[in-house]
S.K.: 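First the structure, then my questions, so here it is.
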Amino acid sequence: MSRLQQTHGLTDEQREIIATVRAFVDREILPVATALEHADEYPQAIVDGMKDLGLFGLMIDEEHGGLGESLLTYALAVEELSRGWMSVSGIVNTHFIVAWMITHHGTPEQRAHYLPKMAAGEIRGAFSMSEPGCGSDVSAITTRAVPDGGDYVIDGQKMWLTNGGSANLVATLVKTDPDAGHRGMTAFLIDKTPGFGEVAPGLTVPGKIEKMGYKGVDTTELVFDGYRVPAAQILGGTPGRGFYQMMDGVEVGRVNVAARGCGVARRAYELALDYARQREAFGKPIAEHQAVLFRLAEMATKVEAAHQMMVMAARRKDSGERNDLEAGMAKYLASEYCKEVVEDAFRIHGGYAYSKEYEIERLYREAPMLLIGEGTADIQKMIIGRRLLEG
């Protein structure tokens with residue numbers, strides 16, 4: 001086994017889980033990932049395999065049918081999944097964020113109703129915060145929920161839902177009091193049927209958004225037009241707490257994105273190393289030419305640095321401490337390094353990198369998504385800078 005991305009201090013159970021996921025990736029994901037990605041085909045067989053492994057309930061507590069594992073264990077599993085195909089980790093990620101939010105902010109009734117089915121993969125979660133007219137400025141959302149008897153009526157349009165079609169539960173941030181700023185936002189747990197078109201009365205998923213990369217997993221809009229939802233579906237039961245609840249979910253999601261960056265970078269490095277050993281120029285493998293050797297050394301260093309930063313952020317959250325500084329640093333570093341490592345692997349492959357027959361072509365289209373997901377580099381720098389000024 002390579003010395004890269006080793007994580008010290010793991011329990012025997014954690015090591016066994018990660019080894020199992022790694023074997024699953026090598027056996028079930030890597031052989032088919034590129035073909036599925038080129039076809040933009042949902043990886044149902046892989047998803048079924050992840051259900052059998054219990055990955056949808058990895059962090060859900062044992063009381064509700066999950067494995068009760070830590071954020072670190074989950075992040076390491078995501079790293080392995082992303083090494084195989086980043087889209088597969090995306091299928092798990094939004095589900096994990098919604099389960100986290102219900103676990104930490106839901107009412108006892110919400111936890112009892114949703115978590116056992118989420119652990120089994122019967123209920124699959126999507127996370128909806130962004131809108132067509134806002135990106136990083138969450139306060140600019142316009143989707144509105146107005147009370148009407150014991151219900152709320154929601155109107156508006158949400159954007160960039162990963163798993164928007166395949167999920168049957170969406171945690172959605174809307175405004176319930178437009179004049180109250182962040183305190184006027186509320187998160188609702190929206191039940192729907194999987195698929196596209198009208199998935200519930202007054203609720204439509206128009207179709208998949210065509211993307212440059214990150215294919216296979218569905219990315220969608222969500223349109224509310226007079227959609228009625230009981231007040232009991234407010235996360236935690238009290239309106240006005242949605243912004244805090246969503247940001248808590250995003251914080252752990254940033255660790256997940258960092259883990260994805262680590263996994264993709266690791267795969268790009270592996271591909272570059274294998275190619276450099278096999279490809280010959282001027283009478284010897286190109287890995288023995290100093291220019292390529294130095295590039296491989298830089299790539300490996302970035303792979304290792306991002307991994308260790310991600311591990312630190314996960315362990316900080318697991319300790320019960322605030323980790324927005326570490327999560328921001330990890331997400332920023334891992335996504336930027338991932339882009340650089342993938343590009344270096346692309347260069348090492350030369351002209352073949354431009355061919356769809358080579359896996360690096362897929363990674364080259366996937367890596368940019370990590371620069372945007374769960375907050376851009378500029379947003380991460382703002383979070384890091386403000387936390388540093390707090391002392």
Side-chain angles (χ1 to χ4, degrees), residues 21-53 55-56 77-95 121 124-127 159-168 192-197 199 204-222 256-257 260-261 263-268 270-272 274-275 338-339 342-343 345-346 349 351-373:
V21 176
R22 184 180 301 122
F24 177 78
V25 167
D26 289 340
R27 184 180 67 252
E28 304 291 342
I29 298 180
L30 280 173
V32 300
T34 296
L36 289 172
E37 197 272 348
H38 286 169
D40 198 7
E41 181 178 337
Y42 188 78
Q44 188 60 56
I46 294 173
V47 171
D48 291 341
M50 291 195 296
K51 286 181 184 178
D52 293 340
L53 290 177
L55 293 184
F56 286 99
V78 165
E79 185 177 60
E80 295 294 340
L81 291 173
S82 300
R83 175 181 159 267
W85 184 15
M86 191 177 74
S87 293
V88 173
S89 69
I91 292 171
V92 180
N93 180 40
T94 55
H95 176 88
R124 301 257 302 287
F127 177 86
M159 192 72 172
W160 304 119
L161 279 78
T162 301
N163 299 314
S166 54
N168 46 9
K192 70 177 190 66
T193 58
F196 301 96
V199 293
T204 301
V205 178
K208 290 198 302 184
I209 297 170
E210 295 296 325
K211 309 183 295 287
M212 175 178 75
Y214 199 39
K215 294 178 180 291
V217 60
D218 47 274
T219 304
T220 75
E221 300 173 67
L222 189 65
N256 174 285
V257 172
R260 284 199 251 180
V264 173
R266 172 62 181 275
R267 183 59 181 166
E270 291 174 349
L271 294 171
D274 287 346
Y275 185 84
C338 176
K339 176 202 66 151
V342 169
E343 185 175 274
F346 189 91
H349 279 76
Y352 287 107
Y354 218 61
S355 168
K356 287 197 171 186
E357 292 181 20
Y358 282 73
E359 190 178 338
I360 189 61
E361 181 270 343
R362 168 170 64 84
L363 302 186
Y364 194 75
R365 288 184 289 102
E366 289 179 339
M369 197 285 291
L370 298 172
L371 301 173
I372 301 167

S.K.: Using modelled atom types and a 3.5 Å cut-off, is there a donor and acceptor pairing between side-chain atoms of N163 and backbone atoms of G90?
M.R.: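 Between the backbone of G90 and the side chain of N163 there is a qualifying donor-acceptor contact (under 3.5 Å).
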S.K.: If you round to the nearest 0.5 Å, how far is CD of E37 from CD of E359?
M.R.: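 One gets 10.5 Å once the value is rounded to the nearest 0.5 Å.
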S.K.: Just by distance, do the side chain of K215 and the backbone of K211 share a donor-acceptor pair under 3.5 Å?
M.R.: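 Yes, because the side chain of K215 sits within donor-acceptor range (under 3.5 Å) of the backbone of K211.
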S.K.: Search all heavy atoms of N168 against all heavy atoms of R124 and return the closest pair with its distance.
M.R.: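 Scanning both residues completely, I find the closest heavy atoms to be OD1-N, 2.7 Å.
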S.K.: Can you check whether L363 reaches I360 side chain to side chain, under 4.5 Å on heavy atoms?
M.R.: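 In short, these two side chains touch, coming nearer than 4.5 Å.
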S.K.: Which pair of non-hydrogen atoms, one from I91 and one from P43, has the smallest distance, and what is that distance?
M.R.: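 Closest pair (atom of I91, atom of P43, distance): CD1-CG, 3.8 Å.
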S.K.: Does any N or O in the side chain of T193 come within less than 3.5 Å of the main-chain N or O of V199, such that one atom is a donor and the other an acceptor?
M.R.: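 Yes, because the side chain of T193 sits within donor-acceptor range (under 3.5 Å) of the backbone of V199.
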S.K.: Would a distance-only check, ignoring hydrogens and angles, find a side-chain to backbone donor-acceptor pair under 3.5 Å from N256 to V78?
M.R.: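 Answer holds: no.
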S.K.: Closest heavy-atom contact between M86 and Y214?
M.R.: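 The pair with the smallest heavy-atom distance is CE-CD1, 3.7 Å.
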S.K.: Judged by atom type as modelled, is there a donor-acceptor pair below 3.5 Å linking the side chain of H349 to the main-chain atoms of Y275?
M.R.: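 Absent.
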S.K.: In sequence, state the C-alpha distance, the side-chain angles, and the governing distance for E361 and T34, and then conclude on side-chain contact (heavy atoms from CB on, under 4.5 Å).
M.R.: CA-CA 9 Å; E361 181 270 343; T34 296; 5.9 Å; no
S.K.: Looking at every non-hydrogen atom in both residues, tell me the closest pair between M212 and P368 and how far apart they are.
M.R.: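 Shortest heavy-atom separation between M212 and P368 comes out as CE-CG, 3.8 Å.
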S.K.: For the residue pair Y358 and Y352, categorise the inter-ring angle as parallel (less than 30°), tilted (30 to 60°) or perpendicular (more than 60°).
M.R.: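 Ring orientation, 0 to 90° scale: tilted.
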S.K.: Could you please spell out the steps behind the side-chain contact (heavy atoms from CB on, under 4.5 Å) verdict for L222 and V205?
M.R.: CA-CA 5 Å; L222 189 65; V205 178; 3.7 Å; yes
S.K.: W85 and A33: which non-hydrogen atoms are nearest, and at how many Å?
M.R.: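 Result for this residue pair: CB-CB, 3.7 Å.
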S.K.: Could you check F24 against I29 for side-chain contact (heavy atoms from CB on, under 4.5 Å), going step by step and ending with a plain yes or no?
M.R.: CA-CA 7 Å; F24 177 78; I29 298 180; 3.9 Å; yes
S.K.: Can you name the side-chain hydrogen bond (donor to acceptor under 3.5 Å, both in side chains) partners of Y364, sequence neighbours left out?
M.R.: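 Once residues adjacent in sequence are excluded, Y364 has no partner under the side-chain hydrogen bond (donor to acceptor under 3.5 Å, both in side chains) criterion.
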S.K.: Has the side chain of D218 got a donor or acceptor atom that lies under 3.5 Å from a matching backbone atom of K208?
M.R.: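 No; judged by distance alone, with no hydrogens or angles, the pair does not exist.
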S.K.: Can you establish whether the number of heavy atoms outside E357 located under 6.0 Å from its atom CD is more than 12?
M.R.: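 For E357, atom CD is not crowded (no more than 12 foreign heavy atoms under 6.0 Å).
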S.K.: Taking the side chain as every heavy atom from C-beta outward, state whether F196 and T220 have any atom pair closer than 4.5 Å.
M.R.: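 In contact.
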S.K.: To the nearest 0.5 Å, what is the distance between CG on L81 and OG on S87?
M.R.: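 Rounded to the nearest 0.5 Å, the CG-OG separation comes to 11.5 Å.
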S.K.: Can we say E79 and R83 salt-bridge, meaning some charged N sits less than 4.0 Å from an Asp/Glu carboxylate O?
M.R.: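 Not counted as a salt bridge, because no side-chain N and carboxylate O are separated by less than 4.0 Å.
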S.K.: Once rounded to the nearest 0.5 Å, what's the spacing between atom NE2 of H95 and atom OG of S166?
M.R.: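 H95 NE2 to S166 OG: 11.0 Å, rounded to 0.5 Å.
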S.K.: Shortest non-hydrogen contact from A167 to G125?
M.R.: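 Result for this residue pair: CB-C, 3.9 Å.
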S.K.: Nearest 0.5 angstrom please: R260 CZ to E366 CD, how far?
M.R.: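 Rounded to the nearest 0.5 Å, the CZ-CD separation comes to 10.5 Å.
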S.K.: With E221, which residues qualify under side-chain contact (heavy atoms from CB on, under 4.5 Å), at least two apart?
M.R.: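 Testing E221 for side-chain contact (heavy atoms from CB on, under 4.5 Å), a comparison that skips the adjacent residues, returns Q157, M159, P206, I209.
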S.K.: Would you give the length of the straight line joining atom CE of M369 to atom CG of L371, rounded to the nearest 0.5 angstrom?
M.R.: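 Rounded to the nearest 0.5 Å, the CE-CG separation comes to 9.5 Å.
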S.K.: Please list, chain by chain and in numerical order, all residues satisfying salt bridge (charged side-chain N to carboxylate O under 4.0 Å, His left out) with E343, sequence neighbours excluded.
M.R.: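 Expected list: R347.
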S.K.: Could you check whether E80 pairs with R22 (Lys NZ or Arg NE/NH1/NH2 to Asp/Glu carboxylate O, under 4.0 Å)?
M.R.: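 R22 and E80: salt-bridged.
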S.K.: Would you sort out whether Y42 and V47 count as a side-chain contact (heavy atoms from CB on, under 4.5 Å), showing the intermediate values?
M.R.: CA-CA 9 Å; Y42 188 78; V47 171; 3.7 Å; yes
